[in-house]
Protein chains: 2
Amino acid sequence: MLATILADTLGDVPWTVDPASRNGLRLLRPQTPLFHEGDRTENFYEILSGVVRAFKVFADGRRQIVSFAFPNDIVGFGHGDTYRFECEAISDAIVRVIPKASLMRSIRERPELGEKLLQIATGEVANMQDLSILLFRKTAMERIATFLMSMARRRPDVGAGARQPLPMCRADIGDFLGLTISTVSRTLTKLRDMNVIDVPDRGGFVVLDFHKLLLLSESEDTVH
Amino acid sequence: MLATILADTLGDVPWTVDPASRNGLRLLRPQTPLFHEGDRTENFYEILSGVVRAFKVFADGRRQIVSFAFPNDIVGFGHGDTYRFECEAISDAIVRVIPKASLMRSIRERPELGEKLLQIATGEVANMQDLSILLFRKTAMERIATFLMSMARRRPDVGAGARQPLPMCRADIGDFLGLTISTVSRTLTKLRDMNVIDVPDRGGFVVLDFHKLLLLSESEDTVH
DNA sequence: CGGTGTGTTGAGGCACATCAAGCCAGGTGG
DNA sequence: CCACCTGGCTTGATGTGCCTCAACACACCG
């Protein structure tokens, strides 16, 4: 969404192309960092293919994944002068580099753009905040159900009853939802036993009972 | 901080004054709503005195307090077209009404202002996000210690060893930190027994051992 | 074949929620 | 003046959801 608006409004801007890339594109291998926490915010990145994770690492070694970015998402936007967390590819990924300087320059030239971006930035972060508020109070089951729902919503092209890709490993899911690997695994097994989902292989899942999954994501004890 | 920048840069702008207020000011009684979730974002409010709470109420009746706003804070900023949560006074409070329309108008007139506000908005929300990420993984003790530290940091005018006001009730603290009233109370008692703080009365506390409180806020098991 | 990385499953413990009783200050009415 | 109520807070007893630790299954790879 942000991506399309940027494309619409900035498509004609002559980007200063990152020398280390062709066409302002970068190819990423799994585990390749896109940027580190504390680095100066020089670029935004539009994900063209693959999946990227944004996360913080705390002093005690624990890791909190802040978000997963899928194709059409933009990462790096809304960080301020320096990036607020680490960012790296999960799978092979292609990203488009959007130099921050050009974007800021065109804001100065087109004030109405600044206002629009302000709106987008606050909107996006507010959504993320809603998610974290929600997760804060939820049980493991509610968190997993919410997560699976949001995964399904990200890929509306995957038909009902078809296999949804689940490109991140259990540890990533755990670090995103604030659960351990064990609990993630156990909860998925439970959902399978309840015939709510199927887990045919490691990298995907199938929603068997959309309605029940939705109920579980809202409040566990409405479903028995 | 946002307030001062707004004052500095916009002090000379002729505000359209809310007819229901004098001088663009509003006086609030305890429990009086400032705005509701879903209302159109027509104003921002600068807190001049008193304390205000912003919160969401979920379908199951649980309440999540998103933030407490103290004098010099601005609420309503960064919500998009409609407010994202409820907002009401905890104590008697005076707020200055800042019509959104005027602010947006002056953004259009002064592009550099838009860029600055974008920065501020992203910065503020990112801070809030940091807080929620942090709290997400913390124990009750770490949460309470973090909360008390941030309360103390909000009032640098209160000297070391002096009574810090704690204007919100235990239920508010619990709904902010994701704990029950009982756990809040128990944890405060524990901190008192450890001689880290004193709780002379309901509406305040005294930091007796700043260093230990800081350690407790970071990771519980570094202090025994 | 063993080694490694990822996921599943079981047993036990602990932190926090829940339920419930009691304390204290302030208000109201006899 | 005391009797009583009410609301906010504290404290105790009990239950439970998730973490921790640990064993095992399985795929992949040299």
Side-chain angles (χ1 to χ4, degrees), chain A residues 30-31 53 58 60-64 90-91 135-148 165-194 197-205 216 219-221 223-224, chain B residues 30-31 53 58 60-65 90-91 135-147 165-194 197-205 216 219-221 223-224:
Chain A
Q31 326 295 337
R53 65 179 163 225
F58 293 105
D60 58 5
R62 281 181 304 190
R63 188 183 65 153
Q64 175 66 48
I90 282 184
S91 57
L135 290 178
F136 194 47
R137 301 298 194 109
K138 289 193 171 191
T139 66
M141 177 59 86
E142 289 169 320
R143 290 181 201 190
I144 293 286
T146 306
F147 177 70
L148 294 179
L166 201 62
M168 66 291 292
C169 65
R170 299 288 186 269
D172 283 341
I173 301 175
D175 287 348
F176 179 60
L177 298 178
L179 301 169
T180 59
I181 297 179
S182 316
T183 304
V184 171
S185 182
R186 265 185 258 272
T187 309
L188 286 174
T189 306
K190 208 171 183 179
L191 281 171
R192 207 188 45 206
D193 293 346
M194 292 163 72
I197 63 169
D198 188 23
V199 188
D201 59 284
R202 292 190 170 181
F205 69 102
L216 284 167
S219 126
E220 189 174 9
D221 44 27
V223 179
H224 310 281
Chain B
Q31 326 294 338
R53 66 181 164 223
F58 294 105
D60 59 4
R62 282 180 302 191
R63 187 183 65 156
Q64 175 65 48
I65 292 187
I90 283 182
S91 56
L135 290 178
F136 193 46
R137 300 300 194 109
K138 289 192 171 191
T139 64
M141 177 60 85
E142 290 169 319
R143 290 179 200 190
I144 292 286
T146 305
F147 177 70
L166 200 62
M168 66 289 293
C169 65
R170 300 288 186 269
D172 284 341
I173 299 175
D175 286 348
F176 180 58
L177 298 177
L179 301 170
T180 59
I181 297 178
S182 315
T183 304
V184 171
S185 181
R186 265 185 257 272
T187 309
L188 287 174
T189 306
K190 209 171 184 180
L191 281 171
R192 208 188 45 205
D193 292 346
M194 293 163 71
I197 63 169
D198 188 24
V199 188
D201 59 283
R202 293 188 169 180
F205 69 103
L216 284 167
S219 125
E220 189 174 11
D221 45 26
V223 179
H224 308 281

Taking any heavy-atom pair under 4.0 Å as a contact, classify B:G178: base, sugar-phosphate, or nothing.
sugar-phosphate
Under the rule for salt bridge (charged side-chain N to carboxylate O under 4.0 Å, His left out), what residues qualify as partners of B:R202, not counting sequence neighbours?
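Result, salt bridge (charged side-chain N to carboxylate O under 4.0 Å, His left out) vs B:R202: none returned.
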Set of salt bridge (charged side-chain N to carboxylate O under 4.0 Å, His left out) partners for B:R192, sequence neighbours left out
none
Strictly under 3.5 Å: I want the nitrogen or oxygen pairs between protein and nucleotides 26-30 of chain D, one per line.
none

Mind calculating the distance between [atom1] ([X]) and [atom2] ([N]) to the nearest angstrom?
| X | N | atom1 | atom2 | value |
| --- | --- | --- | --- | --- |
| B:I173 | D:dC9 | CD1 | P | 8 Å |
| B:K190 | C:dC14 | NZ | P | 13 Å |
| A:R62 | D:dC19 | CZ | C1' | 12 Å |
| A:I90 | C:dT6 | CD1 | P | 12 Å |
| B:L177 | C:dA15 | CG | C1' | 16 Å |
| B:L166 | D:dG8 | CG | C1' | 14 Å |
| A:D172 | C:dT6 | CG | C1' | 12 Å |
| A:R137 | D:dG17 | CZ | P | 17 Å |

Where at least one partner belongs to residues 178-188 of chain A, residue pairs that pass salt bridge (Lys or Arg N to Asp or Glu O under 4.0 Å), sequence neighbours excluded
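Listed by first then second residue: nothing to list.
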Between the side chain of A:Q31 and the main-chain N/O of A:I90, is any donor-acceptor distance below 3.5 Å?
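Side chain of A:Q31 to backbone of A:I90: no pair is present.
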Using the test side chain to side chain contact (heavy atoms under 4.5 Å, CB included), find all partners of [X] that sit at least two apart in sequence or belong to another chain.
| X | answer |
| --- | --- |
| A:I181 | A:R170, A:A171 |
| A:T180 | A:S182, A:T183 |
| A:P167 | A:V51, A:F70 |

What residues, two or more places apart in sequence or in another chain, satisfy ring-ring contact (aromatic ring centres under 6.0 Å, His included) together with B:F147?
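Residues passing ring-ring contact (aromatic ring centres under 6.0 Å, His included) with B:F147: B:F176.
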Checking side-chain contact (heavy atoms from CB on, under 4.5 Å) between B:I173 and each of B:I65, B:L179, B:I144, which is the one that passes?
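Passing option: B:I144.
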All N/O contacts under 3.5 Å from nucleotides 10-14 of chain D to the protein, with atom names and distances to one decimal?
residue, atom, partner, partner atom, Å
D:dT10, OP1, B:R170, NH2, 3.4
D:dT10, OP2, B:R170, NE, 3.0
D:dT10, OP2, B:S185, OG, 2.7
D:dT10, O5', B:S185, OG, 2.9
D:dT11, OP2, B:T189, OG1, 2.7
D:dG12, N7, B:R186, NH1, 2.8
D:dG12, O6, B:R186, NH2, 3.1

